[in-house]
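Structure first, then comments.
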Amino acid sequence: MNLKELYQEIILEHGKNPRNLRKTENFNKDAKGNNPLCGDNVHVYLKLNNQRKVEDISFEGSGCAISMASASIMTDLIKGKSDNEAKEIIDDFLGMIKENPELKSTILEEDDKTKLMCLSGVKQYPMRVKCATLSWHTLISAMEDDGKQVSTED
Amino acid sequence: MNLKELYQEIILEHGKNPRNLRKTENFNKDAKGNNPLCGDNVHVYLKLNNQRKVEDISFEGSGCAISMASASIMTDLIKGKSDNEAKEIIDDFLGMIKENPELKSTILEEDDKTKLMCLSGVKQYPMRVKCATLSWHTLISAMEDDGKQVSTED
Amino acid sequence: MNIDNIKKEFPIFDEKIQNNDLVYLDSANSSQKPKVVIDRINEFYTKEFSNVGRSIHYLAVAATNLYENTRSSVQKYINAKDKNEIVFTKGATEALNLVANTLGQKYLNEGDEILLTELEHHSNYVPWHYLRKSKNIKINFAEINEDGEIPIENIEKKITPKTKVIAINHLSNVTGAILPIKEITEIAHAKDIIVVVDGCQGAPHLKLDVQDLDCDFYAISCHKMYGPTGLGILYGKKKWLEELPPYQGGGGMIKEVKKDRITYGDLPNKYEAGTMATAQVIAFDKSIKFLESIGIENIIKHEKELIEYGQEILKKNNSVKLIGNPKNKGGVISFTIEGVHPHDIATILDEDGVAIRAGHHCCQILHDKLEIPASARASVGVYNTKSDFDQLNESINKCKKIFDLK
Amino acid sequence: MNIDNIKKEFPIFDEKIQNNDLVYLDSANSSQKPKVVIDRINEFYTKEFSNVGRSIHYLAVAATNLYENTRSSVQKYINAKDKNEIVFTKGATEALNLVANTLGQKYLNEGDEILLTELEHHSNYVPWHYLRKSKNIKINFAEINEDGEIPIENIEKKITPKTKVIAINHLSNVTGAILPIKEITEIAHAKDIIVVVDGCQGAPHLKLDVQDLDCDFYAISCHKMYGPTGLGILYGKKKWLEELPPYQGGGGMIKEVKKDRITYGDLPNKYEAGTMATAQVIAFDKSIKFLESIGIENIIKHEKELIEYGQEILKKNNSVKLIGNPKNKGGVISFTIEGVHPHDIATILDEDGVAIRAGHHCCQILHDKLEIPASARASVGVYNTKSDFDQLNESINKCKKIFDLK
Ligand SMILES: Cc1ncc(COP(=O)(O)O)c(C=O)c1O
Ligand SMILES: Cc1ncc(COP(=O)(O)O)c(C=O)c1O
């Protein structure tokens, strides 16, 4: 295991100064997620416009460096994407955290991919995987807007 | 341990042909006892006359050879005794089963003592002690007539 | 693993019991434990101990994974659809209490009826009796036939439009009768009746496929299944476990706790309040593996042969009267001896190292019906052999001699 | 036994955890197990296994005696008046559920009030919350002061004429505050209020005399007391245990079972339905003996020294903020580091073999009150030493370095 891989510069920086940590005005989709084990919680807000493009995305919540950084990077990358592109990115990220060695999607710039790959350090820390994925699962839920609260206990 | 000591002739004989296995007419004291572990149950009936003498004593119930023999011998010995004498015999018997090597009471004939001592074989069989003492505890309860049901689970 | 010399996997048989070899015929009460299971407990406490699902340090993470691993093994073993349909409890008794209590809270109403059978263990009657008291629910009993079975007609006869739950034994711990769960479930579901199975004797001795049985709940007792004491399992269909309220409340089963409100966690946490039987759950994985390594078909075959042999030998022994004669029978033989009380039988057999059970085996309703206060019971596990029944018969003869029977 | 080298009685400390020595500071979660306890479990399963209280063969009789023997040991250890005031449960959580449920069935009525504190663990809140839902009972919370204690006035302030039960922690698993149970009981009993004590953290770390405390119920978690998992104890005054209805129903807790009625057994059977955690109960006797061989006074002294040392060292570490500062404090230190989330602390400490807990420790009410989402917690057991806190501090510094704190 390697703490340096887990707590890379980018993670620490995003963790300390998370982007989009606010509440989108006039959001039209949202969802809450929580991790009962550790008490982390996140609320994701989304504004999809008529062309089904993510006009704005933001989050509120508190959590560890990993979860804050993950939400921060996520909101950064998703903003401006269409909902289908967003879904592809989400799948790609969750697949990478789960099993794939790399990101496969061609939507993201190399630069953005590098940012996301920084979160791959959690793979070696099974109990922390949930920290990295909570905001992503919550985003899925917001996009489906099924009113269900996401929990990552499982 | 010694099965021969547990199942002595007298026990087997009383177990097979228990004395006083009936219901005293006009009984004026009675009590029920049971052992939830094995399902044994006994109902003791007593007729105390004005001089507080046991005019009649009987029992109903079912159980193993030890418990039937014990109830049979008990009723045989208690009949005709005063209530104080009965209490002394009960204490003596329970004391013998619990710890004393011998019976101490001077009320009983040698012959009767021999019968009671036959039940001392249960001392080597802790789980069977309750079989031997259930009817005696129930008799105490009947004499006190406190309406409480005796249980030997403990 | 070959079942013919499986006995050597169980260290207790190396012991002398009052100078005798142990002839253990009390497995329906609790089974002995194979070395692999005992060793796993030992190893876990010695090298890996931590509480699960709470902390995130190395030992805690490892223990949590092991714990969840057993859940997956159980899921596979009983062929449940979803891992979260497996809830760990302290025993089958708690599992049945959980079902009765939560159905009582949300699903059952005054006047509803619950159908049990005369073969039920107290653990599958008292929890329902509570609802009789608290909610005025009626309990009916399907009757046994003269062979000690519950024919399906006897179930059908007792179903009324008010029947909401059928709670039944899979395998009777007295007569050994195996109940036709699948058929019962079919009939029940056609009338929207929930089927709760007391699988205490079924789980260790029969092939288990809860999806095939299609029952709504199935209760398992791990200590009868070559596992540790203090552990049971409740299988419940996901729709029920999701719909019903939680049972015990405490740490680990909550989502959010505020001074004025509480929300509960998702499955399986919702039903696992407080620190669970961590070491026991982790070791139970070895019990499952042990059973798998023998193969349930081999176990069924072995135990069937044993029981047929035992019945044959005891039938030849006059004085011995067998209780029930079910066509479909598991590894339990109960009997009486005219003129000798079961407790006396048990004591005399014990002197030869033969361990059986005497009493009503927590089935007073059945014994009342049979008009006997108690019975003697010999029950088998994977480690028994035909010679155990030879010894049983010999000791019964000693018993007859003491009581001067022919 | 000398507490200074007690660590060698615990085999887990011979292991390397990811190449490090284990610095175990998570005992409030669950304690490690001494060899005598592990060996007893092993021996029981290997040589003596049988179910208890059911069969009458040799192994069953021996096991039953051992089982009851533990009951007597516990009675003596906590100085209960009567052996039958000791009920074995699956954990402290079940013990508290048992009390809340049975009081709810018989003793509490709509509009009655229950007084908890802001220090309560979810296990001493959720079971009472159920009564809020089912019986419309009100729950009040006595507040903490700024030191994280519950001064007795804060209890008195919240008592109303409707208060029927006070349910309180003996020793907080977050701030370490020791509550003045005896004084609380005096005040409560003068007003006919029942006192239920959550003794999870009290039992392993404080001198226990339930007659002196005079509480009505006391819940114990055996796995935090150097005992096996899957076992708890409920102490209850005899008058209550006799008066209240049974909790779970099943085998072993009945007197007579008929188709139309059931009567229940006497204490302690009434509250021990189904097959109990036999091996765990029997092994727990060794935990009690182990504690006795050290002597609770020595344990208290040792842990007090440790905590004072730990607090001193952490207070010197700027960035570290201790939670609460109770005058009367047990072996728990909770803290936060400004700018580092407790989970990140726990992960980084774990890399050095330092096992602590991070989260809300099942005390969300308290964390809400303190306005922090989570905290880090170091808690001690008999095996800890001052050097464990040196290592803790060193690893905290590593943590600060990674997060670039001064
Ligand atoms: C104060 C307190 N109460 C209750 C509990 C619950 O105990 P258990 O999980 O053993 O049931 C704990 C331990 O988690 C505790 O620390
Ligand atoms: C048929 C049946 N049901 C229920 C039980 C109760 O199981 P446990 O005592 O493990 O809770 C038993 C075992 O005693 C049983 O044989």
Side-chain angles (χ1 to χ4, degrees), chain A residues 1-18 21 32-43 59-73 97 118-135 138 149 151-153, chain D residues 16-20 26 29 121-123 126 174 319 323 334 336-377 394-406:
Chain A
M1 307 225 184
N2 197 334
L3 282 178
K4 287 223 180 69
E5 273 181 36
L6 185 64
Y7 294 109
Q8 297 185 43
E9 258 330 301
I10 299 186
I11 305 282
L12 290 170
E13 201 274 320
H14 273 268
K16 217 180 282 177
N17 308 303
L21 180 62
K32 279 185 186 178
N34 87 325
N35 180 343
L37 177 62
C38 53
D40 281 3
N41 58 72
V42 66
H43 195 155
F59 76 104
E60 289 180 328
S62 72
C64 61
I66 311 295
S67 76
M68 295 308 275
S70 183
S72 171
I73 296 172
I97 292 292
C118 284
L119 286 161
S120 69
V122 297
K123 285 181 175 184
Q124 293 171 55
Y125 296 83
M127 293 304 265
R128 306 305 302 276
V129 165
K130 295 165 185 175
C131 307
T133 58
L134 177 61
S135 55
T138 310
Q149 196 172 330
S151 156
T152 58
E153 248 308 288
Chain D
K16 289 280 174 197
I17 308 299
Q18 300 185 84
N19 297 321
N20 288 299
D26 198 20
N29 186 355
H121 188 281
H122 295 162
S123 290
V126 188
V174 180
S319 320
I323 294 177
S334 295
T336 53
I337 300 178
E338 180 77 42
V340 191
H341 192 279
H343 285 138
D344 295 313
I345 303 175
T347 297
I348 294 166
L349 265 51
D350 186 40
E351 208 80 358
D352 294 337
V354 179
I356 62 157
R357 184 160 171 194
H360 53 57
H361 322 305
C362 300
C363 292
Q364 252 184 35
I365 300 286
L366 179 65
H367 282 80
D368 280 357
K369 172 78 171 224
L370 298 170
E371 293 177 357
I372 48 176
S375 60
R377 178 185 74 186
E394 203 174 294
S395 299
I396 286 177
N397 287 335
K398 185 164 150 189
C399 189
K400 287 163 65 177
K401 210 160 156 191
I402 290 177
F403 276 79
D404 206 16
L405 304 177
K406 298 281 130 50

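Below, chain A is the first sequence line, B the second, and so on; all start at residue 1.
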Just so I know, are the side chains of D/His341 and A/Ile66 near enough to count as touching, which here means a heavy-atom distance under 4.5 Å? no
Would you please name every residue forming a salt bridge (Lys or Arg N to Asp or Glu O under 4.0 Å) with A/Glu60, sequence neighbours left out? none
Backbone of D/His343 reached by a side-chain donor or acceptor of A/Arg128 within 3.5 Å: yes
Of all residues at least two apart in sequence or in a different chain, which pass the side chain to side chain contact (heavy atoms under 4.5 Å, CB included) check with D/Asp26? C/Ser55, C/His57, D/Tyr24, D/Asn29, D/Arg357, D/Arg377
What's the separation between atom CD1 in D/Ile402 and atom NZ in A/Lys4, rounded to the nearest 0.5 Å? 8.0 Å
Reported CE-to-CG distance for the pair A/Met127 and D/Asp350, which is rounded to 0.5 angstrom: 10.5 Å
Would a distance-only check, ignoring hydrogens and angles, find a side-chain to backbone donor-acceptor pair under 3.5 Å from D/Asp344 to A/Cys64? no
With side chain to side chain contact (heavy atoms under 4.5 Å, CB included) as the criterion, how do A/Leu12 and D/Asp404 come out once you've worked through the C-alpha distance, each side chain's angles and the decisive distance to 0.1 Å? CA-CA 9 Å; A/Leu12 290 170; D/Asp404 206 16; over 6 Å; no
Among A/Ser67, A/Gly15, A/Gly63, which residue forms the greatest number of heavy-atom pairs with chain D at distances under 4.5 Å? A/Gly63
